[in-house]
Amino acid sequence: MSDLAVPRNRSMMIVLAYLWLLAIIPLFADKHDAEVQWHAKNGLVLTAAEALLIVCYLVGTSIISLAALGLGLALMLLLVIAVIGVFALHVVAILKAVNGRRLVVPVVSEYANRL
């Protein structure tokens with residue numbers, strides 16, 4: 001009966017680790033696999049860092065938009081490009097993790113290692 005509680009699909013858990021808040025699933029479901037735990041913690045810290053940066057960027061862009069609408073609109077376009085970059089970062093992290101490697105993101109991965 002205890003075998004049913006242990007997730008068997010390591011690749012699925014690693015993919016979930018980089019799908020934003022879904023990283024909570026492998027963090028709690030696969031506590032005995034150190035590699036899955038590392039990726040889950042890294043994915044959660046990456047998600048938190050991205051959320052913080054987006055909020056700060058939106059606040060800054062909103063303030064700039066009040067002063068100069070054209071510049072504010074240009075910065076919003078830059079946000080769309082940044083979101084595509086974030087998505088690409090997650091895809092690269094998933095591909096490296098499934099192949100048994102780690103994507104070390106400066107500052108983010110260092111902080112995740114301390115958790």
Is it true that L19 and W38 fall in one hydrophobic cluster, defined by side-chain heavy atoms closer than 4.5 Å?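 They do share one cluster, since a chain of ILVMFWY contacts under 4.5 Å joins L19 to W38.
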
In one Ile/Leu/Val/Met/Phe/Trp/Tyr side-chain cluster, 4.5 Å: I94, V91: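 Yes, same cluster.
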
What's the spacing between M13 CE and I25 CD1 if we round to 0.5 Å?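 These two atoms lie 7.0 Å from each other.
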
Just how far is it from atom CG of L46 to atom NE2 of H39, taken to the nearest 0.5 Å?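 L46 atom CG to H39 atom NE2 measures 12.5 Å (nearest 0.5 Å).
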
For a quick test of reading the model, state the closest non-hydrogen atom pair linking [X] to [Y] and the distance between them.
X   : Y    : value
N42 : A112 : CA-CB, 3.7 Å
Y18 : A97  : CE1-CB, 4.1 Å
L89 : L103 : CD1-CD2, 3.6 Å
V15 : V98  : CG2-CG2, 3.9 Å
A40 : P26  : CB-CG, 4.2 Å

Could you identify which residues cluster with V107, counting Ile, Leu, Val, Met, Phe, Trp and Tyr as linked when any side-chain heavy atoms lie under 4.5 Å apart, either directly or through a chain of such contacts?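 None; V107 is a cluster of one.
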
With clusters built from Ile, Leu, Val, Met, Phe, Trp and Tyr whose side-chain heavy atoms come within less than 4.5 Å, directly or transitively, what are the remaining members of the cluster of L27, listed by chain and number?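 Besides L27, the cluster holds I24, F28, L44.
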
Pairs meeting criterion ring-ring contact (aromatic ring centres under 6.0 Å, His included) with involvement of [range], two or more places apart:
range           : value
residues 60-89  : none
residues 59-78  : none
residues 43-77  : none
residues 89-115 : W20-H90

When the side chains of residues 66-79 are checked against the rest of the protein, which donor-acceptor pairs come out under 3.5 Å, sequence neighbours left out?
none

Strictly by salt bridge (charged side-chain N to carboxylate O under 4.0 Å, His left out), give each pair with a member in residues 43-66 just once, sequence neighbours left out.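 Passing the test, one end in residues 43-66: no pairs.
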
Enumerate the side chain to side chain donor-acceptor pair (under 3.5 Å) contacts for residues 97-108, please, sequence neighbours excluded, ordered by first and then second residue.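 For residues 97-108: E35-R102.
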
Side chain to side chain contact (heavy atoms under 4.5 Å, CB included) against [X], all qualifying residues, sequence neighbours excluded:
X   : result
L53 : none
I54 : L58
L21 : T47

